Asks: 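Before anything else, here's the structure in question.
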Amino acid sequence: MSADNTRDFVHEGYDVAYVQEKWLPVWDQLAPFKSGRPDDKRPKKYVLDMFPYPSGDLHMGHAEAYALGDVIARYWVQKGFNVMHPIGWDAFGLPAENAAIKRNIDPAIWTYENIAVQKASMRRYACSFDWDRTFNTCDPEYYRWNQWLFLQLFELGLAYRKASKVNWCPSCQTVLANEQVVAGLCERCDTAVTKKKLTQWYFKITDYADRLLDDMSQLEGQWPEKVLTMQRNWIGRSTGANVDFQIEGRAEPVTIYTTRPDTLYGATFFVLAADSDLAAELAKGTGVEKEFNAYLEKIKADSDIDRLATDRPKSGVFLERYAINPVNGEKLPIWASDYVLADYGTGAIMAVPAHDQRDLDFARAMKLPVRVVVETGEEDPSVTGVATAGDGALVNSGPLNGKPKDEAIAFINAQLERDGLGKSARNYRLRDWLISRQRYWGTPIPIIHCPKCGDVAAPLDSLPVKLPNAEGLDLKPKGTSPLGAATDWVNVPCPKCGGPAERDTDTMDTFVDSSWYFLRYPSNTDHTQAFSRESVDTWLPVDQYVGGVTHAILHLLYSRFFTKVLHDMGMLSFNEPFTRLLNQGMVVMEGSAMSKSRGNLVKLSDELANHGVDAIRLSMVFSGPPEDDVDWSDVSPAGSVKFLNRAWRLSGDITSAPGVDFSKGDVALRKATHKAVHDAGFAVESFRFNVAVARIMELVNSARKAIDSGCGPADPAAREAVEAIAIMLSLVAPYTSEEMWERLGHKPAIALAGWPSVDETLLVADSVVAVIQINGKIKERLEVSPTISDAELEAQALAHPTIAKELAGATINKIITRAPKLVNIVI
RNA sequence: GCCUCGGUACUCCAACGGUAGAGAGGGCAGUCUCAAACACUGCAUAGUGUCGGUUCGAAUCCGACUCGGGGCACCA
């Protein structure tokens with residue numbers, strides 16, 4: 001038996017590794033994804049993937065995210081759009097610094113090496129990025145504009161410095177923004193966060209709280225509802241009233257914030273945040289000063305984790321002072337407790353234990369009175385221990401008696417305002433964004449501290465304020481910025497008075513870098529400005545943003561904030577940076593997140609080596625809805641390889657020549673083709689990529705059958721089907737489809753072949769199956785014309801022997817007919 | 001505790017209020033082979049978390065419950 005004979009039994013496949021090597025240089029040369037050529041008349045589409053942090057090579061998570069983003073970008077290119085699909089690197093940050101410390105090398109070297117590795121991997125992964133638009137945030141040409149933007153915010157009063165108790169990560173040895181503390185732990189390293197009093201730089205994002213909240217109406221239906229909800233929660237707007245209470249023995253009144261001014265008559269005590277200045281002031285000189293100080297020490301030692309425990313008993317100290325309720329003159333004992341937060345509202349509250357659970361818990365712990373002022377019909381809170389928050393008629397409340405909640409709130413607000421005792425107010429959970437970091441590998445804050453002139457902006461012509469060379473600096477975290485040790489760098493003359501002054505030694509939170517990077521891609525090589533107005537007007541806002549839900553609050557909120565600030569500065573014409581958002585899920589293994597320590601890590605490089613790029617991309621896209629997690633143990637890359645080979649073999653079977661007139665082809669197969677193209681396109685546009693792939697698979701099956709036992713390989717419809725398969729497959733499997741395209745007699749690049757146009761007349765089926773129901777139960781099926789009338793279908797149904805038999809002797813009450821799909825006879 | 005998304009066959013997942021099964025994985029059988037793998041063909045898996053409601057008709061809409069994921073959680 002000769003080798004030639006055996007080959008007949010071994011089905012042909014293609015050499016994945018060879019094909020990958022074959023096409024890359026061709027694509028480099030053709031640059032099918034270059035955007036913004038001057039004569040480009042196609043309408044624009046900005047498709048953006050969240051840029052990666054360069055920590056080592058790409059992993060499975062990247063492979064999923066970039067596969068999905070690529071399907072979208074390639075789809076719009078096929079649909080005739082001028083797509084900008086850029087990539088860059090979010091290259092500042094702690095991992096580089098930690099790696100540098102460990103290996104005693106410059107973080108810059110580590111970072112740029114990793115970027116080179118990732119970039120090469122992305123190219124091999126066939127990402128449709130426009131490589132002429134890339135940049136890294138650690139390039140001085142980029143972070144210079146971070147500094148410029150900082151100074152603009154400084155000018156506007158939106159960047160300011162204040163001393164405050166801040167979140168401190170003892171492991172990272174740096175401060176953290178509120179958003180970076182998750183359940184009391186450092187977002188990055190899961191270390192318990194402590195508090196530290198420090199003078200730090202902030203961005204005044206709270207000035208934009210209302211707009212960040214209200215403008216979300218524009219994003220409704222375009223962003224995942226989940227993300228919008230998370231942002232709303234995070235901003236946490238509440239409406240209520242500020243009310244002034246006199247304090248016995250103090251000239252100045254104290255203002256409290258409440259969301260329930262209607263319950264003012266139900267206040268039975270008054271609580272100050274124990275760590276507030278006012279609590280210390282009121283405790284001073286009283287008999288309980290010692291006790292108060294001891295309490296203060298105790299709560300300072302408590303971590304955020306302790307504070308967040310839900311079953312934590314209430315604690316506090318009675319200050320032996322009294323506040324006067326402005327509406328009824330009652331004396332309310334003043335307590336200091338840690339259940340009131342110093343930095344929310346005014347750090348002081350009126351306690352209404354009957355209608356607030358926290359106040360009730362405190363009242364019960366301290367044996368303080370409870371007075372019901374809203375009749376909700378529920379049981380007495382002082383008995384049940386459950387505060388009643390519902391609506392009802394007010395009681396024990398003077399002029400408010402009998403009014404329902406909303407009316408009472410309006411009434412009391414008006415009265416307080418009239419009497420000068422208070423007014424309606426809003427509060428937010430959102431705090432200003434702390435941007436200083438005590439680390440090396442970030443953007444230096446361009447401020448010079450002068451003993452005479454104070455905080456002075458670095459002159460614009462001195463930008464970028466470059467990082468001092470890492471060589472010779474001790475980068476080990478020690479709680480103060482490593483930049484402080486670079487004395488030559490730190491000591492500069494004051495730009496205002498020329499006297500000796502010092503640079504700010506902190507660097508910026510890397511979220512500053514990522515808050516505007518999407519504005520830079522369109523004019524990434526313009527080093528005279530942060531971004532060119534013209535290019536931004538052309539390309540922005542981003543039409544489609546793709547990234548993980550982990551950034552639902554941090555990055556997306558900050559980017560929206562920056563966009564609004566830049567809009568107000570007249571630099572942007574739009575308010576919201578990302579028109580549409582897709583959050584992809586994570587890649588997990590056997591139900592849990594992949595990690596080295598868990599021992600369930602799947603290496604992307606291994607998967608690519610075993611199955612090839614296309615099969616991995618296909619597996620990611622086909623695994624399920626994009627927003628769901630992919631469990632790698634559920635997917636079969638081998639199955640993807642099998643399918644790609646099946647599709648590829650079709651391209652070798654076609655015997656007609658390119659350009660053949662499809663309209664002469666077999667109608668049945670043509671219908672299958674046009675339906676698949678129509679449905680797959682619709683599925684892609686609605687992010688149901690797995691369904692789009694299923695439609696392609698169906699067409700592959702139909703084409704296989706048609707070629708083997710139907711119209712045959714020479715029929716024009718066979719070519720039409722296989723060309724459509726190749727083009728649709730090009731979104732997911734670029735190598736395979738390019739190879740198919742060549743075998744079909746076409747020139748590269750298939751990426752620019754154009755999405756097949758759909759002939760609407762071919763979307764109508766020849767016949768459909770109608771069901772006949774009796775009382776909603778299916779009894780028979782009829783093959784009918786899709787254009788059959790209700791009357792005709794009904795007549796056919798009633799005439800059907802089985803139906804007629806079933807109906808014999810029965811009274812027909814009603815017949816529902818929905819031609820051409822069903823008839824339901826109710827008896 | 002509050003908010004939110006989800007529960008469909010052995011597995012991953014489809015299904016404008018109208019035939020529960022598109023597609024895939026895994027399984028079995030056949031064709032091919034000396035045999036196996038590949039490939040091709042065929043087959044099976046009666047299953048919409050539970051209870052109720054609306055409807056001629058509910059996986060789909062409504063309510064309650066349950067389980068699972070996610071978010072928020074002393075924010076007055």
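In what follows, chains are A, B, ... by sequence order, proteins preceding strands, each numbered from 1. All figures in this text were calculated on a predicted structure; none of them were measured in a lab. As a basis for the values below, the full set of heavy atoms in this structure was taken, side chains included, without hydrogen atoms, waters or symmetry mates.
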Asks: Across the strands shown, which category fits Arg688(A) at heavy-atom distances under 4.0 angstrom: base, sugar-phosphate, nothing?
Replies: sugar-phosphate
Asks: Using purine N1 to pyrimidine N3 plus N6-O4 or O6-N4 for Watson-Crick, or N1-O2 and O6-N3 for G-U wobble, each under 3.5 Å, what pairs with C72(B)?
Replies: G1(B)
Asks: Measure from the side-chain heavy atoms of Ser636(A) and tell me the nearest of G25(B), A76(B), C40(B).
Replies: G25(B)
Asks: To the nearest angstrom, how far is Phe622(A) atom CZ from A14(B) atom P?
Replies: 10 Å
Asks: Expressed as a whole number of angstroms, how long is the span from Glu698(A):CD to A24(B):P?
Replies: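 For the pair Glu698(A) CD and A24(B) P, the rounded distance is 8 Å.
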Asks: For Lys779(A) and U19(B), what is the distance between atoms NZ and P respectively, to the nearest whole Å?
Replies: 16 Å
Asks: Of the nucleotides A76(B), A20(B), A14(B), which has the atom closest to the Asn690(A) side chain?
Replies: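 Given the options A76(B), A20(B), A14(B), the side chain of Asn690(A) is closest to A14(B).
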Asks: So what does Asn427(A) hit on the nucleic acid, given a heavy-atom distance under 4.0 Å: a base, only sugar-phosphate, or nothing?
Replies: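 Touches nothing.
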Asks: Whole angstrom is fine here: how far is it from CZ in Arg237(A) over to P in C3(B)?
Replies: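 Result: 20 Å.
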Asks: Checking contacts here: which listed nucleotide (C13(B), C72(B), A76(B)) is nearest the side-chain heavy atoms of Asn233(A)?
Replies: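 Nearest listed nucleotide: C72(B).
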Asks: Return whichever of Ala694(A) or Asp356(A) has its heavy-atom-nearest nucleotide of RNA chain B closer to the 5' end.
Replies: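 That would be Ala694(A).
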Asks: May I ask you to say what Ile816(A) touches in the nucleic acid, namely base, sugar-phosphate or nothing, with a heavy-atom cut-off under 4.0 Å?
Replies: base
Asks: Could you work out the separation of U60(B) and C2(B) based on their C1' atoms and round it to a whole Å?
Replies: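 Those two atoms are separated by 28 Å.
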Asks: Starting the side chain at C-beta, find the nucleotide from A39(B), C12(B), U19(B) nearest to Val771(A).
Replies: U19(B)
Asks: Closest to the Lys226(A) side chain: G26(B), A76(B), G70(B)?
Replies: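 Shortest atom-to-atom distance from the side chain points to G70(B).
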Asks: If I pick the C1' atom on A44(B) and the same atom on G63(B), what distance separates them, to the nearest angstrom?
Replies: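 My reading of the C1' atoms in G63(B) and A44(B) gives 39 Å.
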Asks: Starting from P on A20(B), measure out to CZ on Arg781(A) and report it in whole angstrom.
Replies: 7 Å
Asks: If pairing requires Watson-Crick or G-U wobble contacts with both distances under 3.5 Å, which nucleotide is the partner of U33(B)?
Replies: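 No nucleotide pairs with U33(B).
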Asks: Other residues, nucleotides and ligands only: do more than 12 of their heavy atoms fall within 6.0 Å of NZ on Lys779(A)?
Replies: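 Atom NZ in Lys779(A) is crowded, with more than 12 foreign heavy atoms closer than 6.0 Å.
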Asks: For the C1' atoms, the ones on U31(B) and on G68(B), what distance do you get once it is rounded to whole angstrom?
Replies: 45 Å
Asks: Give the rounded distance in Å between these two atoms: CZ of Arg704(A) and C1' of A39(B).
Replies: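 Atom-to-atom, Arg704(A) to A39(B), this comes out as 10 Å.
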Asks: P atom, G17(B) versus C61(B): distance in rounded Å?
Replies: 8 Å
Asks: Within less than 4.0 Å of OP1 or OP2 of A76(B), is there a side-chain N or O belonging to Ser238(A)?
Replies: yes
Asks: Across the strands shown, which category fits Val769(A) at heavy-atom distances under 4.0 angstrom: base, sugar-phosphate, nothing?
Replies: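 It contacts base atoms.
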Asks: For U11(B) versus U45(B), give the span between their P atoms, rounded off to a whole number of Å.
Replies: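 The answer is 16 Å between these two P atoms.
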Asks: Report which part of the nucleic acid Arg431(A) touches: base, sugar-phosphate, or nothing (heavy-atom distance under 4.0 Å, all strands).
Replies: base
Asks: Taking only the side-chain heavy atoms of Val826(A) (C-beta and beyond), determine which of A76(B), C56(B), C13(B) contains the nearest atom.
Replies: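 The listed nucleotide nearest to Val826(A)'s side chain is C56(B).
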Asks: What is the distance, to the nearest angstrom, from the OH atom on Tyr14(A) to the P atom on A39(B)?
Replies: 13 Å
Asks: Under 4.0 Å between any heavy atoms, over every strand shown, what does Asp359(A) touch: base, sugar-phosphate, or nothing? Just pick one.
Replies: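 Nothing: the residue Asp359(A), judged by heavy atoms under 4.0 Å, touches no strand.
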Asks: What pair of heavy atoms forms the shortest contact from Asp629(A) to Met586(A), and how long is it?
Replies: OD1-N, 2.8 Å
Asks: Could you give the distance separating C72(B) and C13(B) at their P atoms, to the nearest angstrom?
Replies: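 Their P atoms lie roughly 25 Å apart.
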Asks: Let's see if you can work this out: which of C56(B), U11(B), G26(B) has an atom nearest to the side-chain heavy atoms of Asp634(A)?
Replies: U11(B)
Asks: When Thr388(A) is tested against each of Gln357(A), His355(A), Glu379(A) for side chain to side chain donor-acceptor pair (under 3.5 Å), which residue passes?
Replies: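 Considering Gln357(A), His355(A), Glu379(A), a side chain to side chain donor-acceptor pair (under 3.5 Å) with Thr388(A) is found only for His355(A).
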Asks: Counting heavy atoms from C-beta on, name the nucleotide in C74(B), C72(B), G18(B) closest to the side chain of Ile553(A).
Replies: C72(B)
Asks: Mind checking the C1' distance from C5(B) to A9(B)? Whole angstroms is fine.
Replies: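 Approximately 24 Å lies between the C1' atom of C5(B) and that of A9(B).
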Asks: From the options Ile696(A), Val684(A), Val693(A), Val700(A), select the one residue that forms a side chain to side chain contact (heavy atoms under 4.5 Å, CB included) with Met728(A).
Replies: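 That would be Ile696(A).
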Asks: I'd like the P distance from G26(B) over to G18(B), given in whole Å.
Replies: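 Approximately 33 Å lies between the P atom of G18(B) and that of G26(B).
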Asks: Looking at Lys298(A), I want to see if its NZ is surrounded by more than 12 non-hydrogen atoms of other residues, nucleotides or ligands under 6.0 Å.
Replies: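 Check passes, neighbour count above 12.
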Asks: Determine the contact category for Ser633(A): base if any of its heavy atoms lies under 4.0 Å from a base atom, sugar-phosphate if only primed atoms, P, OP1 or OP2 are that close, otherwise nothing.
Replies: nothing
Asks: Has the side chain of Gln773(A) got a donor or acceptor that lies under 3.5 Å from a partner of the other kind on the base of G18(B)?
Replies: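 Answer is yes: a donor-acceptor pair is held.
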Asks: Taking any strand in view, what nucleotide pairs with A9(B) in a Watson-Crick or G-U wobble way, both distances under 3.5 Å?
Replies: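 Check on A9(B): unpaired, no WC or wobble geometry under 3.5 Å.
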Asks: When you measure from the side chain of Arg649(A), which nucleotide among C40(B), C72(B), G25(B) comes out closest?
Replies: C40(B)
Asks: Look at the rings of His551(A) and His555(A) and say which category their plane angle falls in: under 30° parallel, 30 to 60° tilted, over 60° perpendicular.
Replies: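 Taking His555(A) first and then His551(A), their aromatic rings stand perpendicular (interplane angle over 60°).
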Asks: Do any side-chain nitrogens or oxygens of Arg646(A) fall under 4.0 Å of OP1 or OP2 in C40(B)?
Replies: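 So the side chain of Arg646(A) is within the cut-off, an N or O lying under 4.0 Å from OP1 or OP2 of C40(B).
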Asks: Return the pairing partner of C43(B) with a 3.5 Å limit on both distances, Watson-Crick or G-U wobble; otherwise return none.
Replies: G27(B)
Asks: Applying a 3.5 Å limit to both distances, which nucleotide forms a Watson-Crick or G-U wobble pair with C65(B)?
Replies: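 WC or wobble partner is G49(B).
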Asks: Using a cut-off of 4.0 Å on non-hydrogen atoms, how would the nucleic acid contact of Lys642(A) be classed: base, sugar-phosphate, or nothing?
Replies: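 If one applies the 4.0 Å heavy-atom cut-off, Lys642(A) turns out to touch the sugar-phosphate alone, with no base involved.
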Asks: Honestly, is Lys314(A) close enough over Tyr339(A), meaning NZ or CZ under 6.0 Å from the six-membered ring centre and within 45° of the axis?
Replies: yes
Asks: Which one, A14(B), A76(B), G23(B), comes nearest to the side chain of Met697(A)?
Replies: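 When the side chain of Met697(A) is considered, G23(B) is the closest of A14(B), A76(B), G23(B).
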Asks: Does a side-chain N-to-carboxylate-O contact under 4.0 Å join Glu225(A) and Arg232(A)?
Replies: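 Looking at Glu225(A) and Arg232(A), the cut-off is met.
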Asks: Side-chain N or O of Asn583(A) versus OP1/OP2 of G70(B): is the shortest distance under 4.0 Å?
Replies: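 No, because none of the side-chain N or O atoms of Asn583(A) sits under 4.0 Å from OP1 or OP2 of G70(B).
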Asks: Check the distance between G70(B)'s P and Met230(A)'s CE and give it to me in whole angstrom.
Replies: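 From Met230(A) CE to G70(B) P: 11 Å.
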Asks: Does Gly347(A) or Lys705(A) map to a spot on RNA chain B nearer the 5' end, using the closest nucleotide for each?
Replies: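 It is Lys705(A) whose nearest nucleotide is closer to the 5' end.
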Asks: For this output row, return yes or no: ring centroids of Phe362(A) and Phe269(A) closer than 6.0 angstrom.
Replies: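 For Phe362(A) and Phe269(A), the ring centres are under 6.0 Å apart.
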